[in-house]
Structure formats: structure tokens, C-alpha cells
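Structure first, commentary second.
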Amino acid sequence: MRWWTPYAFLAPYLVLFAVFMVLPIGFGLWTSLHEWDINLPAKPFVGLAHYAELFDPASVDGGRFWTAMRATGIFTVASVPLLIVLPLLVALLMNGRFKGRTVYRAVYFAPYVLGVAVVGLLWRFLLDGNIGLVNRYLGLEVQWTTDVPPAWIALVGVTVWWTLGLNAVIFLAGLQDIPRELHEAAMVDGAGPWRRLLAVTLPGLRPVMVFVVNATILASANMFGQAYLITSGAPADQTKTAIYLIAETGLRQFDMGTASAMSFILAAFLMVASGLVFGAFRHRRAR
């Protein structure tokens, strides 16, 4: 055992972290301070010009960016509560003892193993306003992919169907980690199912809840594939999220400087959101 032994064990992770995290973040920050067009050899330094333009609603990029941020906010606010409440209810049901519960768990988790391309193309055809099976079997004439709010209902519904199983499995693991003695003690004291849920189950799930809420907010705010494949940002870019716009700006318009600045602004908002989540749960625990 030498003084450098711990660092030797940490070295592989630190190298990977530096190469795939620290360096890309540093390069992205450097790119956001330059007029970076991959088709041009010159990359002039522009300082904070990209950030100033994005914070100017009157500018072209600023208007497009904040429209995309608004779309990101709408999707996040609409999807996160459903992706917390519904998986928790499913986990409570799956935590019971009944025949075939392993099959039911697999059924709920199965959609999550599909890739976003499969999910997007599948629901693109199912939700098509002209030939889609959803309209046909429900007897509707709704344009799920080109009108709002139907487009938002479609995106949120598809995302909940696709990712509900993951959160349910995480909640189920948390439920199984709560000592059964606590429930038995509450039952001896005369607590009913609702009281046990509030006094035993939810407090026991608090660490898991922090993780699930934070991870779900980050995942929803980074939604890209569903909007790209199902609605293509329609109508009039109203369902084009921030990640969608960032990818389009950097990879299609070749304006990597502006795209990098958009990424860091979005990251700042997500850091604030994560801080609020941790602060809210820490405040409740202190009380």
C-alpha cells in the first residue's frame, strides 16, 4: 500500500472523465465565444456576442431560442407530474403479492427497451391524421402531429407510455427497501392504507423520489427524438424544443458558436432546476 495507490485506482475513471466530460465542456465553452462555422477556416473571437444575441428577443436567434425554451418548458411541466405519479401508482400495485406479477412488471417495462427511433416512427404512423389507426379506431379527425394542443398531448402521451416503466422499476426498488416492520407497526397503531402511504411509504421513498424527480426533469428538458420524428417541430416550430433547435443550428446550419451558447444557457436553467429540487426536499426533511 503506497501513497499513490488510491490515485492509481482512480486514474482510469479520471482519464475517462477528463476526456469525455471536462474537455468537451471546455471546448464547447471556447466554441461559444467564437464565430464557429465548420465550413470556414477562420474562427474569429466574438466574446459574449452569441449570448447577448440570444438574450435579445428582437434578434432572429433570440426569438427562435426562447420559443424553443417555451416549448421545452411546456413539455417538461406537462410530462414530469405524469411520470412521477403514474409510475408510483404502478409500483405500488406491482409491489403487492399476486400471481403473474413478474409478467406485469415486464409488460410495463417492455416499451422502455425500444429505441427512440422505433418509438417515434411507430407512433408517427399511428397518430397520422389521415391514415393513423388512432383516429380510425376512435372515430376522430384530430391532427395529432400538426396541430396544438393535440401535438403536445401526443408527445407527452408517447413519452409517458415509453418511459413510465423505468421510473416504476426505480420506485419498486425503493418500496422493497422500506422495512416491512414499519408498515406492521403502523397497522398495529391503527393506521389505514392511506395513512400508511403518507406516514411510512412516501417518507421512505424520499431519497428515491429526489433522484426520480431530478432525473425526469432533466430527461424531459432534453427531449429531442419524439419531437423530431413525430411532429418535426410542427406547427410553426411550436413543438420544437431547445435540444431540437440546438441540433438544427449546429448540425444543419453549421453555426456551432450559437448552438454552443444555447447549450450552456439551457444547462444553466437545468442546474437551477436541479438545485430547486434538492433544496425543496432538503427543506422538507429539515422540517
Side-chain angles (χ1 to χ4, degrees), residues 72 75-127 132-134 137-138 144-145 151-180 182-183 193-194 196-198 200-231 239 241 243-244 270 273-274 277-278 281:
T72 301
F75 179 81
T76 303
V77 170
S79 62
V80 169
L82 295 175
L83 286 171
I84 300 300
V85 176
L86 293 180
L88 179 57
L89 295 177
V90 171
L92 291 171
L93 293 175
M94 294 299 103
N95 195 41
R97 295 183 178 181
F98 55 90
K99 292 183 178 180
R101 63 176 181 173
T102 303
V103 176
Y104 283 105
R105 292 175 183 177
V107 168
Y108 277 105
F109 187 76
Y112 186 73
V113 304
L114 301 175
V116 65
V118 176
V119 172
L121 292 176
L122 171 67
W123 283 99
R124 171 76 182 189
F125 287 106
L126 291 175
L127 295 170
L133 295 179
V134 173
Y137 285 110
L138 295 180
W144 297 102
T145 61
W152 284 122
I153 296 174
L155 290 174
V156 172
V158 169
T159 303
V160 170
W161 170 83
W162 179 34
T163 60
L164 179 148
L166 176 63
N167 286 356
V169 169
I170 297 174
F171 278 132
L172 181 59
L175 289 172
Q176 294 178 345
D177 197 44
I178 299 175
R180 188 171 181 80
L182 296 179
H183 288 280
W194 179 250
R196 293 200 305 273
L197 174 66
L198 296 179
V200 178
T201 303
L202 292 183
L205 282 177
R206 187 168 296 164
V208 176
M209 187 70 72
V210 174
F211 170 77
V212 172
V213 171
N214 198 47
T216 304
I217 290 176
L218 296 178
S220 297
N222 284 280
M223 189 271 285
F224 166 72
Q226 300 93 298
Y228 181 77
L229 294 170
I230 297 175
T231 66
T239 60
T241 59
I243 292 294
Y244 191 158
L270 295 182
S274 297
V277 170
F278 283 106
F281 279 92

Nearest 0.5 Å, please: how far is CG in Leu175 from CG in Asn95? 5.0 Å
Heavy atoms, side chains only, cut-off 4.5 Å: are Gln226 and Thr159 in contact? yes
Flag the pair Ile178 / His183 as yes when at least one side-chain heavy-atom distance between them is below 4.5 Å, and no otherwise. yes
Can you list the steps and then say if Arg105 with Val169 is a side chain to side chain contact (heavy atoms under 4.5 Å, CB included)? CA-CA 8 Å; Arg105 292 175 183 177; Val169 169; over 6 Å; no
Can you give me every donor-acceptor pair (side chain of residues 85-93, partner residue at least two apart or in another chain, under 3.5 Å) with its distance?
none

Can you sort out the partners of Trp144 under side-chain hydrogen bond (donor to acceptor under 3.5 Å, both in side chains), two or more places apart, ordered by chain and number? Asn135
In terms of heavy-atom contacts, does CZ of Phe75 have more than 12 from other residues, nucleotides or ligands at under 6.0 Å? yes
Just verifying a value: how many Å separate Leu127 CG and Ile230 CD1, rounded to the nearest 0.5 Å? 6.5 Å
All side-chain contact (heavy atoms from CB on, under 4.5 Å) counterparts of Tyr104, not counting sequence neighbours: Met94, Phe98
Looking only at the side chains, is there a donor atom on one of Thr231 and Thr145 sitting less than 3.5 Å from an acceptor on the other? no
Those residues at least two apart in sequence (or on a different chain) that pass side-chain contact (heavy atoms from CB on, under 4.5 Å) with Ala78 are Val156
Please name all residues satisfying side-chain contact (heavy atoms from CB on, under 4.5 Å) with Leu126, sequence neighbours left out, ordered by chain then number. Leu122, Trp123, Leu133, Val134
Can you see which heavy atom on Thr239 is nearest to which on Ala151, and at what distance? CG2-CB, 3.9 Å
For residues 208-223, tabulate all N or O donor-acceptor pairs below 3.5 Å that involve a side-chain atom, not counting sequence neighbours.
{"residue": "Asn214", "atom": "OD1", "partner": "Ser274", "partner atom": "OG", "Å": "3.0"}
{"residue": "Thr216", "atom": "OG1", "partner": "Asn167", "partner atom": "ND2", "Å": "3.2"}
{"residue": "Thr216", "atom": "OG1", "partner": "Val212", "partner atom": "O", "Å": "2.6"}
{"residue": "Ser220", "atom": "OG", "partner": "Ser79", "partner atom": "OG", "Å": "3.1"}
{"residue": "Ser220", "atom": "OG", "partner": "Thr216", "partner atom": "O", "Å": "3.0"}
{"residue": "Asn222", "atom": "ND2", "partner": "Leu218", "partner atom": "O", "Å": "2.6"}

Look at the rings of Phe224 and Tyr244 and say which category their plane angle falls in: under 30° parallel, 30 to 60° tilted, over 60° perpendicular. perpendicular
Shortest non-hydrogen separation from Trp161 to Pro111 and the atoms involved: O-CB, 3.7 Å
Can you tell me how far CZ of Phe109 sits from OG1 of Thr163, rounded to the nearest 0.5 angstrom? 11.0 Å
